[in-house]
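These notes concern the structure reproduced below.
Please read these numbers as outputs of a predicted model, since none were measured by experiment. Atoms considered below: every heavy atom in the structure, side chains included; atoms not considered: hydrogens, waters and symmetry mates.
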Amino acid sequence: MQSTPDTPTRNPLKQCSILTFSLLGLYALLCVPAYMFVGLRAVEGLTYAVVLCLVPGMLVFLISGFLYRDAAPVTVMGVSTLVRLMIVGIGTLVIIKLRTDFGSAEFLNFLIWLLICYFASLLVETLLIIR
């Protein structure tokens, strides 16, 4: 079956790889200033942020690509937003609970990296879903 311009083919593995490489590129770009200005704790927070933003994006691409192929992009974006918010929110709470040695400065640093990664992953996911 050939795809028409109205129904673009969504390849979930390709979407996952594009999101992964985008976030890894952002990680590589931000890793140097994080280490230079704050230190190893900032790189740790950046790592947590990238993982927390990568997991929901991959889940949404895999679920929408394999289970709900004909879902409208608006539906996929709505589910993506809910999944991303839940995973990032719960993940942040788990990190706070497990990393009791994170002070307020480290946590604020983590939140800054999380916001940057969150909006970057949101941008990449949106572009891949509406494409």
Side-chain angles (χ1 to χ4, degrees):
M1 177 180 212
Q2 293 180 341
S3 63
T4 63
D6 295 333
T7 59
T9 304
R10 292 185 193 158
N11 184 350
L13 297 177
K14 184 177 179 182
Q15 290 174 327
C16 286
S17 64
I18 291 172
L19 179 65
T20 302
F21 286 122
S22 298
L23 285 178
L24 287 178
L26 182 65
Y27 179 81
L29 184 69
L30 294 176
C31 200
V32 173
Y35 183 75
M36 287 176 54
F37 292 122
V38 180
L40 205 52
R41 289 286 176 125
V43 176
E44 181 182 0
L46 178 60
T47 305
Y48 292 149
V50 167
V51 170
L52 283 177
C53 293
L54 182 62
V55 169
M58 292 179 75
L59 282 174
V60 168
F61 286 144
L62 292 174
I63 290 170
S64 70
F66 290 126
L67 299 179
Y68 301 105
R69 279 193 157 318
D70 297 328
V74 171
T75 305
V76 175
M77 283 304 304
V79 171
S80 170
T81 301
L82 289 175
V83 169
R84 185 183 314 105
L85 282 173
M86 285 186 346
I87 290 178
V88 168
I90 292 170
T92 301
L93 292 175
V94 168
I95 289 171
I96 291 170
K97 187 73 171 170
L98 293 178
R99 295 303 312 256
T100 56
D101 58 335
F102 261 22
S104 59
E106 287 89 359
F107 183 69
L108 179 63
N109 191 356
F110 163 69
L111 285 180
I112 291 170
W113 300 128
L114 185 62
L115 285 173
I116 292 170
C117 293
Y118 184 88
F119 287 119
S121 67
L122 178 64
L123 174 69
V124 173
E125 287 177 39
T126 303
L127 290 175
L128 289 173
I129 288 172
I130 63 171
R131 192 170 80 155

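Using bins of under 30°, 30° to 60° and over 60° for the plane-to-plane angle, the ring pair Phe102/Tyr48 lands in the tilted bin.
Leu114 has its side chain within reach of Val88: a pair of non-hydrogen atoms, C-beta onward, lies under 4.5 Å apart. With a 4.5 Å cut-off on side-chain heavy atoms, Val79 and Ile63 do not count as touching. With contacts defined as side-chain heavy-atom distances shorter than 4.5 Å, the pair Phe107/Leu111 qualifies. Between Ile18 and Ser22 there is a side-chain heavy-atom pair separated by less than 4.5 Å. You'll find the side chain of Leu59 reaches within 4.5 Å of the side chain of Ile87, heavy atoms only. Counting only heavy atoms from C-beta outward, the side chains of Leu85 and Tyr118 approach each other to under 4.5 Å. Residues Val43 and Tyr27 are in side-chain contact: their nearest non-hydrogen atoms beyond the backbone lie under 4.5 Å apart. You'll find the side chain of Gln15 stays beyond 4.5 Å of the side chain of Val60, heavy atoms only.
Atoms CG and CG, on Leu98 and Leu93 in that order, are 11.0 Å from each other to the nearest 0.5 Å. The structure places CZ of Phe110 at 10.5 Å from OG1 of Thr47, a figure rounded to the nearest 0.5 Å. With rounding to the nearest 0.5 Å, the separation of CE in Met58 from OG in Ser17 is 8.5 Å. Annotation: the span from Asn109 atom CG to Ile112 atom CD1 amounts to 6.0 Å, rounded to 0.5 Å. To the nearest 0.5 Å, atom CG of residue Leu62 and atom CG of residue Leu13 are 6.5 Å apart. Within the model, atoms CG of Leu30 and CH2 of Trp113 stand 5.0 Å from one another, a figure rounded to the nearest 0.5 Å.
Both Ile116 and Tyr35 are members of a single hydrophobic cluster when ILVMFWY side chains are connected at heavy-atom separations under 4.5 Å. Criterion: ILVMFWY side-chain heavy atoms under 4.5 Å apart, direct or through other members. Under it, Val38 and Leu46 are not part of a common hydrophobic cluster. In the hydrophobic clustering of ILVMFWY residues, with side-chain heavy atoms under 4.5 Å counting as a link, Val94 and Val51 come out apart.
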Inset, instruction - Please step through side chain to side chain contact (heavy atoms under 4.5 Å, CB included) for the pair Val50 and Leu26, ending with a clear verdict. - result: CA-CA 9 Å; Val50 167; Leu26 182 65; 5.9 Å; no
Legend entry - side chain to side chain contact (heavy atoms under 4.5 Å, CB included) between Leu52 and Cys117, worked out: CA-CA 9 Å; Leu52 283 177; Cys117 293; over 6 Å; no
Inset, instruction - Verify side chain to side chain contact (heavy atoms under 4.5 Å, CB included) between Leu19 and Ser121, making sure each step is shown before the conclusion. - result: CA-CA 7 Å; Leu19 179 65; Ser121 67; 4.2 Å; yes
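Partner Leu127 forms a side-chain contact (heavy atoms from CB on, under 4.5 Å) with one of Ile129, Leu123, Val124 and no other, that one being Leu123.
The two residues Glu106 and Gly103 have their closest heavy-atom pair at OE1-N, 2.8 Å. The two residues Ala42 and Ala34 come nearest to each other via the heavy atoms CB-O, 3.5 Å.
Under the 3.5 Å distance criterion, the side-chain polar atoms of Glu125 are left unmatched by any main-chain donor or acceptor of Leu122.
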